[in-house]
Amino acid sequence: MKRTHKCSEVTSELIGEEIYVSGWIHRRRDHGGVIFFDLRDEGGLVQVVYNPDSRDTFSLAESCRNEYVILSKGIVRERPEGTVNESLVTGRVEIIASELEILNASLPMPFQLDEHTSVGEETRLKYRFLDLRRSDMQENLRLRSRVSGSLRNFLNAQEFIEIETPLLTKATPEGARDYLVPSRTFPGSFFALPQSPQLFKQTLMASGFEKYYQFAKCFRDEDLRADRQPEFTQLDIEMSFVNSEEVISLVTEMVKKVFAETLSVDLGDFPRISYAEAIEKYGIDKPDLRNPIELLEVKDLFKSCDFKVFSEPANDPESRIAAMKVQNGKTLTRKQIDDYTDFVGNYGAKGLAYIRVEDPEKGREGLNSPIIKFIDDEILENLLSTLKIEEGDIVFFGAGKRNIVNDSLAALRDLVAKDLDLLTCEWAPCWVVDFPMFENNKSGELTPLHHPFTAPICGIEELKDSPLEALTDAYDLVLNGTELGGGSVRIHDKGMQQAVLSLLKIDKEEADEKFGFLISALEHGCPPHAGLAIGFDRMIMLMTGSESIRDVIAFPKTQTASCLLTDAPGEAAKDQLEELHIRFHGIDKEA
RNA sequence: GGACCGGUAGUUCAGUUUGGUUAGAACGCCGCCCUGUCACGGCGGAGGUCGCGAGUUCGAGUCUCGUCCGGUCCGCCA
């Protein structure tokens, strides 16, 4: 091509030179006797000027429209006095065009590409190729690439090697629903797309690759959210002969370095907090530490209270009563508090008790609350001194089943901080550690909190005796209330692995069928190993300040997991289905 | 599986509460004018299956029911 310079390279050093530039007509300003184009390529904008002096070129310029792709020749010159545009890198110069070639015309845009117009999700996704021309999306995907490059550089420098693992693989008994791919050669059998490369990366440790990483595509057929797509990318890492400390310190260094390199952000220290402490103080295992609000357990104060809403949970071992003090919460209106009550209702809370502190000196008289009339003086006094209330505070209470109180107050904590603009800093990373090995699910069965290959801290006998007490060598990296990644020391001992599987009621036969290769690897000299996976899309969301994961993925799916650009998923041809031995039942499909 | 918000011109929205003449605005688009603009400006114009389908009514963008699409959340996501 004839292009000699990128638009952004056209600066004062080129004054007097004749150059070729190519790009899209970002905006045109036709003054009748003079025409300006803002010409855009991937680096930026430059102004090209068309005068009637060169007749043919000028009339061609008159016919151009926005988003035409052109090539123009011209001489760079300093802009006349008073016409400099300081907001452009190239704003001190302009190109006086002598030639113009239309490389490709364009239909009018279905929506405007400038940053001043908002566009609906449906239109953006249908014309994704145009949406991606917009500067926000350009910047997001460019940052994404810089970040993955920086991560690769870091890991390569530490002598990690990148290994790809299969996408056509086998369903495993883990959490999410699988995406299945029918096998042509084995009628009635299916591949599953991986939910993560977990089993493969452990197997690679048994193979003697001591430091592995991969940008791995993962697939989970579950309902979507603003931060969840059915296919997403993990930075998957695994190491042999390391303990959790070594993984944590390596990943801390890596994440700090990436933020410094790509955003010039110093993330500071990564404090550690135990799972138990996180739940107690924040109601959640991924607390946003930018938020100064904490929960306080006040269950013990209400054991002998007459107020049933509090006394019942106070005497139930599976319940908690948490107080959430919000300094200067007095600015919250009655309407907002009502909205908060509805809001916690989403999480199963039956109500939201509160106390507004008008004047702490006046005791009961200085409080405004629908509940204190049910609380006698002694308990109230204890409560107030425990909470260390001050004038203007508002205290919310959650009382009931532990999960409901935790879920609802954790969500309320975020919402209140947002409404009152309470966040104390821009970035707050932390490691959450000491996770329990198991929890009881709704049917009262043991399920792993992390996954069944996570090593417990205790021995086999202890684990069997009191599985719910057992802690693991697992760690989650949390940034601003988002779980960025998580990992653990893995079980490398066959006996322990069998003990865990038997507690999970997975018998030998099932284990062999589902992941016999991993068990076999453990039996053939598998080194101790540990690792972690980072949710790469979420990391980019945080780094770009995006509200939706769709804004950091080039071609994302809608909430119903369809693609508006390609119209996927689509129907399969009859002969394809026949080859795959698939027939439909119960849905109306033309065969 | 459930709750909520939205769907009106190419785009973003108003109009729906209280049914009533020809459904508006901005930007974009088209035409004309304009030699220093930079989200240029001026004048004029075109552009609508009010998501779709039933129903109520003399009459539906507006009310009712169903349905589809987009979004946020709960469940789900080890």
Side-chain angles (χ1 to χ4, degrees), chain A residues 26-39 45-53 58 62 65-67 79-88 90-91 94 96 107-127 130-131 172-178 195-196 198 218-230 232 342-349 403-404 407-408 411 415 435-439 441-442 446-454 472 474 476 483 486-488 500 504 506 533 535 547-548 550 557-560 562 564:
Chain A
H26 188 63
R27 230 185 291 279
R28 74 204 159 88
R29 291 176 292 279
D30 183 347
H31 288 241
V34 60
I35 299 171
F36 302 98
F37 288 169
D38 287 339
L39 192 66
L45 296 174
V46 67
Q47 175 163 283
V48 188
V49 187
Y50 297 85
N51 286 309
D53 315 346
F58 185 77
E62 280 181 313
R65 293 294 178 266
N66 282 345
E67 297 302 313
R79 288 199 191 188
E81 211 181 324
T83 66
V84 166
N85 184 347
E86 297 289 357
S87 61
L88 287 182
T90 60
E94 61 192 5
I96 306 301
L107 293 171
M109 292 294 109
F111 53 89
Q112 283 158 264
L113 303 189
D114 58 68
E115 59 275 24
H116 309 286
T117 339
S118 68
V119 188
E121 201 69 26
E122 209 169 342
T123 315
R124 289 180 58 192
L125 292 179
K126 183 172 172 195
Y127 295 96
L130 298 179
D131 187 40
T172 48
E174 348 168 90
R177 196 177 294 119
D178 286 309
Q195 296 181 24
S196 77
Q198 181 63 34
C218 303
F219 304 85
R220 296 179 190 175
D221 187 6
E222 295 293 345
D223 287 343
L224 288 83
R225 289 286 188 281
D227 63 352
R228 262 162 44 187
Q229 282 275 305
F232 60 98
D342 291 343
F343 177 75
V344 296
N346 292 334
Y347 300 85
N403 283 346
I404 291 179
D407 292 351
S408 55
L415 183 59
F435 284 82
M437 180 76 191
F438 302 107
E439 62 184 349
N441 69 10
K442 272 171 278 172
L446 287 181
T447 54
L449 217 72
H450 198 52
H451 56 58
F453 313 107
T454 301
T472 58
D476 275 3
E483 185 194 324
S488 60
V500 170
L504 293 171
I506 298 173
E547 304 232 315
S548 166
R550 293 183 299 276
K557 305 282 187 289
T558 67
Q559 189 157 46
T560 51
S562 70
L564 299 181

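Letters go in sequence order (proteins before strands), and every chain restarts at 1.
E81(A) comes within contact range of no nucleotide atom at all, as no heavy-atom separation falls under 4.0 Å. Base contact: R79(A) has a heavy atom under 4.0 Å from a base atom. Among the protein residues, P80(A) comes within range of the nucleic acid bases, having at least one heavy atom under 4.0 Å from a base atom.
Contact check on D38(A) versus R29(A) returns a salt bridge, with a Lys/Arg side-chain nitrogen under 4.0 Å from an Asp/Glu carboxylate oxygen.
Here the separation of A25(B) from A9(B), taken at their C1' atoms, is 11 Å to the nearest Å. The separation of A39(B) from G48(B), taken at their P atoms, amounts to 32 Å, rounded to a whole angstrom. Here, G28(B) and U67(B) have their P atoms 41 Å apart, quoted to the whole Å. A distance of about 33 Å separates the P atoms of G42(B) and C50(B), rounded to the whole Å. C13(B) and U8(B): their P atoms are spaced 9 Å apart (whole Å).
Once the 5.5 Å centre distance and the 30° plane angle are applied, the aromatic ring of H450(A) is found not to be stacked with the base of A78(B). In this structure, the aromatic ring of F111(A) is not positioned over the six-membered ring of the base of U11(B) within 5.5 Å between centres and 30° between planes. For H31(A) and C40(B), the ring-to-base geometry satisfies the stacking test (centroid distance below 5.5 Å, interplanar angle below 30°).
RNA chain B is contacted by both V84(A) and S548(A); V84(A) maps to the nucleotide lying nearer its 5′ end (nearest heavy atom per residue). Between L88(A) and L449(A), it is L88(A) whose nearest contact on RNA chain B lies nearer the 5' terminus.
The base of G75(B) is paired with the side chain of D223(A) by a donor and an acceptor separated by under 3.5 Å. Contact annotation: side chain of R29(A) to base of C34(B), donor-acceptor pair absent below 3.5 Å. Residue R225(A) places a side-chain atom within donor-acceptor reach of the base of G75(B), judged by atom type and a 3.5 Å distance cut-off alone. No donor-acceptor contact under 3.5 Å links the side chain of R27(A) to the base of C38(B). Side-chain to base pairing of N85(A) with C38(B): one donor and one acceptor N or O lie within less than 3.5 Å of each other. A donor-acceptor contact under 3.5 Å is not formed by the side chain of Q112(A) with the base of U12(B).
Considering only side-chain atoms of Q198(A), the nucleotide from G31(B), G36(B), A78(B) that sits closest is A78(B). Of the candidate nucleotides U72(B), G75(B), C30(B), G75(B) has the atom lying nearest to any side-chain atom of D407(A). Relative to the side chain of Q559(A), the nucleotides G70(B), G71(B), G36(B) differ in distance, and G71(B) lies closest.
Remark: T558(A) is in phosphate contact with G70(B), judged by side-chain N or O atoms under 4.0 Å from OP1 or OP2.
Rounded to an integer number of Å, the gap from OH of Y127(A) to C1' of G70(B) is 16 Å.
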